[in-house]
Amino acid sequence: MSLAITFIFCVILARLLYVQVAWGAELKLKAVDQWNREIPVIAARGRILDRNGKVIAGNINTYSVFLRPSAVDNVDRTTEIIGELFNVDRNYLSEKINAGKISEITVARQQNKETVEKLVKFNLPGVYYARDNMRNYAYGDALCQVIGFTASDGTGVSGIEKFYDGLLGGTNGEITYSTDIVGIQTEKSKIVYQEAVAGCDIKLTIDMDIQLAAENAMKSVYNSSSAKSVSCIVLDPQNFDVLAMVNYPSYNLNEVPRNDSELLNSLSRNGLVSNIYEPGSTFKVITAAANIQEHIDGNPNAFSNSYVFNGSRSRTVDGTKIKCWSDHSNGKHSNQTLADALNNSCNPCFSDIALALGGKTFYEYLYKFGFGNVTGLDFNGEALGMLVPSTAIRDCDLARIGFGQTVAVTGIQLACAVAAAVNGGNYYAPRLLKSVSSPNGGNVEENAVIFKNKAIGTKASEILAEMLEGVVKDGSGKHAYIDGYRVGGKTGTAQKYEDGRVAQGKYVSSFVGFFPANKPQYLALVIVDEPQGTYYGSAVAAPVAKEIFEDIILLKNIKRFV
Amino acid sequence: MKFDLLNNRRKAGDIPLLICVFLMACFGCLMIYSASSYTAEVLYGDSLYFVKKQIIGVILGTIAMIAMSFLPYEKLAKVRIPLVAIACLLLVAVFIPGIGVSNYGATRWIGFGSFTVQPSEIAKYSFALFAAGYFSKNYKKVKTFKGIFPVLAVGMLICVLIIAEPNMSITMCVGLLMLGLIFLSGTSLKTFALMLVPFALAVPLLIILEPYRLQRLSAFIEPWASPKGEGYQLIQSLYALGNGGFFGTGLFNSTQKYRFLPFAESDFILAIMGEELGFLGLLIFFAFCLFIILRGIKIARNCKDRFGFLLASGFTLVYGIQVAINALVVSGAIPPTGLPLPLISSGNTSLIITMASMGVLFNVSRSN
């Protein structure tokens with residue numbers, strides 16, 4: 001009998017030995033999970049600065065206030081104090097507290113320090129607060145599509161905030177402490193604090209002064225032309241730093257219309273990067289560049305700069321008639337050299353060039369100028385543009401591409417291509433990020449300029465730039481002329497297509513300009529989508545570029561070139 | 001001179017047993033304090049809530065134990081029938097609305113104001129007394145099935161009443177006790193085997209009647225399949241034991257007592273003991289339990305009359321069965337059921353009656 005009982009006890013002890021000693025470590029590991037609570041310590045998000053160190057996106061320290069119903073001792077007192085401090089309905093709070101089941105109530109978010117300090121003085125059991133970072137955008141709606149915004153948890157959702165989230169985001173820390181089953185800190189609790197690592201500050205290539213000047217100019221043309229939308233890029237042609245990028249209409253980054261996702265989608269889209277359009281005559285810059293370079297290289301099919309083009313209004317290619325926008329009456333568009341053709345923006349001359357060079361050669365230049373590919377801008381959602389495949393190209397397509405039809409590009413593509421055409425022929429990868437500084441501000445790492453390829457030679461580029469200076473001085477770009485500053489440029493007016501047909505009365509008016517022509521420092525592409533009334537790029541877009549250039553001259557205190 | 005410890009007719013009795021029982025009850029208070037102070041503070045605003053109750057239980061239990069030590073156990077034989085009848089009535093009373101008190105989905109208590117009594121605790125001992133009395137009086141008939149039938153009938157009745165509460169574990173306890181007592185009565189093996197048949201049939205029947213038992217069974221086999229549901233209790237118990245390891249976290253250093261482990265001060269106090277005192281602590285604790293049981297067996301063996309033998313065996317069995325089942329439940333060796341750890345768990349009915357039964361054991365020891 002005693003033996004039997006002793007045996008039973010041995011079984012029990014063996015079982016306990018197994019559970020406590022053999023299995024113990026594993027059980028304890030599982031149990032630790034339920035014993036501890038973590039409060040996240042939000043890492044400070046890195047700031048976004050412009051190239052001169054102006055803060056575009058910064059942080060305001062705010063606090064979230066939480067309530068753990070199970071730990072509240074006096075519901076009346078708690079709801080009274082909290083209700084008053086944070087302007088929350090008392091009845092709503094007490095209902096939530098008394099309902100049970102909810103382990104944590106978020107009382108208020110984004111509260112300022114003063115209010116939270118008041119709360120701390122009351123020392124209410126069951127009331128907690130945690131710091132969270134509220135993003136603050138110093139310029140409101142300026143540059144909004146480029147900067148983008150963050151979700152309520154602080155992660156980047158669009159724009160630079162998203163693209164460089166990894167740099168900006170930092171690493172959240174954690175406060176760990178042991179609690180009872182409902183989350184009340186126990187008296188023997190050890191508090192483990194793991195510090196948050198702040199995100200890096202990043203410096204953009206954007207110059208906020210130029211950006212604001214461009215914003216103003218674009219806003220006024222948006223209003224005066226009643227356009228559907230307007231956009232503008234200002235580029236440093238020497239290294240393709242994006243100095244300004246405007247898309248209008250825009251929205252205020254501090255009041256993101258999160259509730260209307262359709263509106264938000266359209267307003268937050270960086271059209272210069274993601275939208276494509278038929279460039280029209282601004283594209284002639286590229287055709288001209290190809291011709292000049294080919295002529296220098298001794299291609300017999302290329303036209304010399306003194307060659308006089310056929311003055312007829314139209315060309316018949318593959319049985320289709322391609323006409324100039326001008327009627328060529330009364331001696332208009334007659335006896336034109338390449339420079340004259342650019343001045344007049346005469347379509348058939350550029351068809352002649354494209355056809356004379358032939359698809360293979362012409363496409364080589366299109367590729368060198370970055371068409372049919374992304375530019376590599378550090379931004380999400382860049383469109384490729386549309387280029388008829390070189391293998392499927394017909395002459396009638398080629399003839400049209402010569403003057404910017406039957407081809408679709410993004411704003412950034414065209415700006416970069418023109419910049420490469422006039423800067424000596426160097427194509428760089430455009431960039432928005434200038435440098436990254438480590439959280440403590442010490443280490444600054446510059447984002448290297450990436451040279452991609454030579455598009456044309458220096459000489460061809462110089463000749464072209466001079467011709468384009470002529471366009472502004474004497475030709476269709478004269479509304480962009482600024483005395484003493486050697487502005488060059490090209491206008492563009494393209495009809496829009498809808499469902500494969502020309503949409504009557506719908507145009508994209510544009511102007512791409514730069515100065516000074518001999519060594520371009522600033523390049524601006526202005527696009528006005530569907531202006532009402534006057535629609536010629538020369539009348540609508542060129543004056544805006546002039547306005548922007550004049551502002552830049554003032555801002556940078558640039559002396560006249562004599 | 002009947003109530004005189006130094007009565008010539010009787011010997012001094014097993015004083016170490018009484019001391020051990022008393023110390024164990026005091027140790028119980030300590031463990032209850034450790035296991036319940038936090039929960040009591042949160043729920044009742046008084047960290048001593050459970051301990052205070054238990055101390056009253058220890059005082060009353062000690063009085064009852066001493067009283068029973070002086071009361072010649074032979075006299076108990078005379079009250080066996082009224083006692084078992086009262087026990088049954090109390091078990092029935094549990095179901096009378098207004099008297100019965102429900103808790104955790106079972107009606108197991110009857111209330112007298114703020115004080116509640118668990119009749120099933122009384123029934124266990126009444127039944128042991130009844131069976132001992134009956135068998136000693138009818139020892140010539142016990143070889144036949146007819147001879148053991150009254151004990152079987154009363155045992156079954158009590159089982160049915162307790163299972164209806166429902167309280168599976170005490171039913172098991174009474175069932176095992178009945179088997180043990182019938183075996184000890186000197187019945188023939190054939191009769192004993194015959195009697196086992198209805199027991200074997202009862203198990204599937206009980207599962208069919210109350211499907212939640214099947215859930216408990218599956219939760220027992222794979223507790224992590226429903227960590228928030230059926231498996232919760234067992235998981236928390238295992239966490240406590242695992243956290244304790246070999247040497248324990250030290251007295252008052254349990255983490256599971258922060259309301260993670262339900263019934264930490266009552267049915268699962270052994271888990272908290274395992275957590276704070278470790279395997280080593282439990283080893284020592286079970287040594288004391290074994291001491292009580294072996295003392296009980298020795299007292300029964302040395303008793304010259306049949307009633308004393310069966311009574312001492314029965315009471316020792318009740319204690320031993322409960323300790324064993326409780327330990328097996330807490331360590332996850334058998335499915336979870338609600339059964340207190342005698343002398344330790346919070347709950348006065350169990351404590352007072354267990355201590356009283358130990359008084360009876362002592363009284364039997366004195367007659368040897």
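Worth saying up front: this structure is predicted, and the values here are computed from it rather than measured.
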Undergrad: Taking everything shown except A:R90 itself, do over 12 heavy atoms lie less than 6.0 Å from its CZ?
TA: yes
Undergrad: Rounded at 0.5 Å granularity, tell me how far SG in B:C289 sits from CD1 in A:I12.
TA: 9.0 Å
Undergrad: Please check if the number of heavy atoms outside A:Y92 that lie under 6.0 Å from its OH is greater than 12.
TA: no
Undergrad: At a heavy-atom separation under 4.5 Å, does B:I293 approach chain A through its side chain, its backbone, both, or neither?
TA: side chain
Undergrad: What is the distance from atom CZ of B:F286 to atom CG of A:L16, rounded to the nearest 0.5 Å?
TA: 5.5 Å
Undergrad: Specify which of B:G320, B:G242, B:G274 makes the most heavy-atom pairs with chain A at under 4.5 Å.
TA: B:G242
Undergrad: Hey, could you give me the CG/CZ distance between B:L283 and A:F9, rounded to the nearest 0.5 Å?
TA: 11.5 Å
Undergrad: Heavy-atom count check: over 12 atoms from other residues, nucleotides or ligands less than 6.0 Å from B:F288 CZ?
TA: no
Undergrad: Checking A:I8 against chain B: side chain, backbone, both or neither under 4.5 Å from a heavy atom?
TA: side chain
Undergrad: Heavy-atom pairs under 4.5 Å with chain B: which of A:V32, A:L13, A:V11, A:L29 has the most?
TA: A:L13
Undergrad: So, taking the atom named CZ in B:F279 and the one named CG in A:L17, what distance separates them when rounded to the nearest 0.5 Å?
TA: 4.0 Å
Undergrad: Verify the neighbour count for atom CG of A:D260: are there more than 12 heavy atoms of other residues, nucleotides or ligands below 6.0 Å?
TA: yes
Undergrad: Report the distance from atom CG of B:L241 to atom CG of A:L27, rounding to the nearest 0.5 Å.
TA: 8.5 Å
Undergrad: Taking every non-hydrogen pair under 4.5 Å, which of B:G245, B:A240, B:A333 racks up the most with chain A?
TA: B:G245
Undergrad: Checking B:F252 against chain A: side chain, backbone, both or neither under 4.5 Å from a heavy atom?
TA: both
Undergrad: With a 4.5 Å cut-off on heavy-atom pairs, point out which of B:G244, B:A327, B:G332 contacts chain A the most.
TA: B:G332
Undergrad: CZ of B:F183: more than 12 outside heavy atoms within 6.0 angstrom?
TA: no
Undergrad: Report the donor-acceptor contacts between chain A and chain B below 3.5 Å as a table, one pair per row.
TA:
from   : atom 1 : to     : atom 2 : distance (Å)
A:R15  : NE     : B:S331 : O      : 2.7
A:R15  : NH2    : B:S331 : O      : 2.8
A:R15  : NH2    : B:G332 : O      : 3.2
A:Q20  : OE1    : B:F279 : N      : 3.4
A:Q20  : NE2    : B:L241 : O      : 3.1
A:Q20  : NE2    : B:G245 : O      : 3.3
A:Q20  : NE2    : B:G274 : O      : 2.9
A:Q34  : OE1    : B:Q236 : NE2    : 2.9
A:Q34  : NE2    : B:Q236 : OE1    : 2.6
A:Q34  : NE2    : B:Q256 : OE1    : 3.0
A:W35  : NE1    : B:Q256 : OE1    : 2.7
A:D180 : OD2    : B:Y38  : OH     : 2.8
A:I181 : N      : B:Y258 : O      : 3.1
A:E187 : OE2    : B:Y258 : OH     : 3.3
A:K188 : NZ     : B:F252 : O      : 2.7
A:K188 : NZ     : B:N253 : OD1    : 2.9

